Each structure stands twice: as C-alpha cells, then as structure tokens.
**Q** 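Shown below is the structure under consideration.
Keep in mind the model is a prediction, meaning the values are calculated, not measured. First listed ligand is number 1; within each ligand, the first listed atom is number 1.
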Amino acid sequence: MLIRRAPEIKESEVTDERLYVDRRRFIRTAAGAGAGLGLASAFAPLLACEGDAGDRAGSASDQEEELTPFEDVTTYNNFYEFGTDKSDPARNAHTLRTRPWTVTVEGECSKPGTYDIEDILGRHPAEERIYRLRCVEAWSMVIPWMGFPLSDFIEDLQPTSNARFVEFRTLYDPEQMPGQRRAVLDWPYVEGLRMDEAMHPLTIFAVGLYGKVLPNQNGAPIRLVVPWKYGFKSIKSIVGIRFVREQPMTTWMTSAPREYGFYSNVNPEVDHPRWSQARERRIGEFRRRPTLMFNGYADQVAHLYAGMDLRKFF
Ligand code: MTE
C-alpha cells in the first residue's frame, strides 16, 4: 500500500536521504520544515532506523490516509507547559533545553536508575510509525512518528511481578516551561498506563517525526504515543517513569475527574460530558468524519479490555 503524501510536500524537498532506508515507505519533509531542528549528528540514532516499519503492528491501515502536513503537526499543539492556545507551544517551546536530559526510573523493577537520553537513543534505534492522533477535543491528525516500542525499553528495566501500572512524568521547571507558572493544571503533568497497555506493540516512545528530531512543541526529547487513546495520554518531555502496584492518578483525572478517566480509550459511544465524540475533524479538512472505536486500532487492542464496561472505565 502506498502512503499518500501531504499536498504541499514535493519530491524536490526530500531531506537527508540517509534517513530513509526504504524511501517508498518513508515520508518526504515539507519545505524548510527542519530548519533549526538540528538534524545532523545529534540525529545519529535515528539514522539507524530500519525500513520495515510499515509491516509492524498498526501502521498498515494508516498508510491509506493522507499525512497531516508537517506545518500543522508542529504548529497546532497541546502542550500546556507552554500555554493553552494551540499556537503557543510552537511559539514558546524554544525555552526548553533538551540536552542534557535524563529519564529517572523508579519503583517496582530490578533496574531503577537515571538513564541518559543519549544512551536510550543509542540502545533503541528509531523506526517510523504512522499513527493517527485523536485529541479528546474531536480533532485528529495522521503523523509519521519516529520512535521505538516502549516494551523494548521496559523489558530492559525488568519490572517485578508487583508492577501493574506505569506512571510517566513530564519535566517540572517553570523557568524552562513558563506555562507552569500558572496553576492551569496540577504540575508536573502525569500520565499512566496499565502494564499490558504499556507493553503493547503499538505503544511507542517517540523521539522524532517526519524523519526529524522531535520538535520541542511536540514533546522533545522523548514522549509517549499510544495511538488508540485520546492524545492527552501521550505525555510529552518525559523525565520520570515509575512502576507501581496501584493505578496512578493522572493530571487530567485530578483536574476534571468527571470528564477524564484513567483509560481514555477513543470511544465514539462515550461522549465527553460537554461534547460528542462521535465525529472528528481531521486537521486540514473541513468535513467531519466518524470517529472509529479505539481510533481504528480495535482489531489490535480490543482484547485488552474484554469484559470491561467501557462506559464505566472511560
Ligand atoms: N503532555 C504534556 N506534558 N503536556 C500537555 O499539555 N497535552 C496532551 C498530550 N501530551 C500535553 C501532553 C494533549 S491534550 C494532546 S492532544 C497531545 O499531547 C498533543 O500532541 P501534539 O501537540 O504533539 O499533537
């Protein structure tokens, strides 16, 4: 199956061809889009990407859909640490320093510790995954992420049998993240997954998009992407991971418990208390399309929730 390119991407605008082991599968980048993102050597681990991403779980159906242009993916964002307007993160996130960067691992595992981002990238070559991102605000995008399975990272840490959930934490530093000076949310941003959700092959740590280093506004240097859940589960700029026995409280559950549950699976049948989830607007399009159960990944993830009342566990 062919990937249909976003309209404004031209063949002549191909970036560094070494990024693309199999150019039939990898996506060309928009004009000038990568300027200032520091591709070159800082991107070395991504250069090691293998070309079989299209055959991996979850990406096949996405390849029939048009990619959301780089420009939209990187200027229409939710990242409240840099402001609450969609255009704020692209404007403000330059204050985030993504090097040096460490991810601290705690809790129920045999290898807790502080891991340097360079070591993480060196150990886990990124590959491309084209995933839909469906925001709870009823808009969606199709994004060619660069990343690696979260399960590979977790396996190295050897969680104990007590680890039933994983909690993720974003950086807290109001100097770098000016949005944190206001109590819009309970900082730092925290999210969580059940262990089997975290280990599912669709779940990735993303470190790039469109073949480039992840822009700050998209959650540099490392973020979660869980394609069958509303976008807010996909926490950005992660500095901490904790393996825990009990279901963690997440930022959105704390701030609006009636509106946001722990599971947050994309479910057209469960409306947000203030609006419908039945349809969505693909960014760049005008007509609204029906929202798919589990964001279209039901064949791969529905079994995780067998026997659960998804209206109760929303
Ligand atoms: N992570 C942090 N730390 N802070 C945030 O405000 N917003 C979430 C999620 N991750 C958010 C976050 C929401 S609501 C969405 S829809 C996605 O990021 C948006 O990701 P994108 O801007 O890369 O499209």
**Q** Applying the 4.5 Å side-chain criterion to the ILVMFWY set and letting contacts propagate, would V190 and I238 be lumped into a single cluster?
**A**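 Per the 4.5 Å side-chain linkage, V190 and I238 are not co-clustered.
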**Q** Just by modelled atom types, is the A198 backbone N or O under 3.5 Å from a matching donor or acceptor in the R194 side chain?
**A** no
**Q** For F79, take its heavy atoms, then give the atoms of ligand 1 lying under 4.0 Å from any of them.
**A**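 Atoms satisfying the 4.0 Å criterion: 2 (C), 3 (N), 4 (N), 5 (C), 6 (O).
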**Q** Would S234 count as a contact of ligand 1 if the rule is a heavy atom under 4.0 Å away?
**A**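 The answer is yes, since S234 has a heavy atom less than 4.0 Å from ligand 1.
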**Q** What do we get for R223 next to ligand 1 when only non-hydrogen atoms under 4.0 Å count, side chain, backbone, both or neither?
**A** side chain
**Q** Does a side chain donor of either N77 or K86 reach within less than 3.5 Å of an acceptor in the other side chain?
**A**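 Side chains of N77 and K86: no pair found under 3.5 Å.
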**Q** Which of these, I241, T250, V103, sits in a side-chain contact (heavy atoms from CB on, under 4.5 Å) with F168?
**A**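 With F168 as partner, I241, T250, V103 yield a single side-chain contact (heavy atoms from CB on, under 4.5 Å), made by I241.
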**Q** Got an N/O contact under 3.5 Å between N77 and ligand 1?
**A** yes
**Q** Using only heavy-atom distances, determine whether the side chains of W252 and Y189 contain a donor-acceptor pair under 3.5 Å.
**A**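 The answer is yes; a qualifying pair exists.
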**Q** How close does the nearest protein non-hydrogen atom get to atom 16 (S) of ligand 1, and which residue and atom is it?
**A** C135 SG, 3.4 Å
**Q** Can you find an N/O atom of K236 closer than 3.5 Å to an N/O atom of ligand 1?
**A** yes
**Q** If you have a sec, work out which protein heavy atom is nearest atom 13 (C) of ligand 1 and how many Å separate them, to one decimal?
**A** F232 CA, 3.5 Å
**Q** Looking only at protein heavy atoms, identify the closest one to atom 17 (C) of ligand 1 and say how far it is in Å.
**A** G231 O, 3.5 Å
**Q** Can you tell me which residue and heavy atom of the protein come closest to atom 6 (O) of ligand 1, and the distance to 0.1 Å?
**A** Y80 N, 2.8 Å
**Q** State the atoms of ligand 1, each with its element, that fall below the 4.0 Å cut-off from a heavy-atom position in T170.
**A**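 In order of numbering, the contacting atoms are 3 (N).
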**Q** When you measure from the side chain of T74 to the backbone of F70, do you find a donor-acceptor pair of N or O atoms at a distance under 3.5 Å?
**A**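 It does hold such a pair.
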**Q** Using only heavy-atom distances, determine whether the side chains of W228 and Y131 contain a donor-acceptor pair under 3.5 Å.
**A** no
**Q** Do N92 and E81 get their side chains close enough for a donor-acceptor pair, meaning under 3.5 Å?
**A** no
**Q** Judged on heavy-atom distance to atom 7 (N) of ligand 1, which of L224, N78, I283, V225 sits nearest?
**A** N78
**Q** Can R91 and Q217 be counted as having a side-chain donor-acceptor contact under 3.5 angstrom?
**A** no
**Q** Evaluating non-hydrogen atoms only, which member of W145, W252, Y189, Y172 is closest to atom 11 (C) of ligand 1?
**A**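 Closest candidate by heavy-atom distance is Y189.
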**Q** What part of E81, side chain, backbone, both or neither, has a heavy atom within less than 4.0 angstrom of ligand 1?
**A**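 Answer for E81: side chain.
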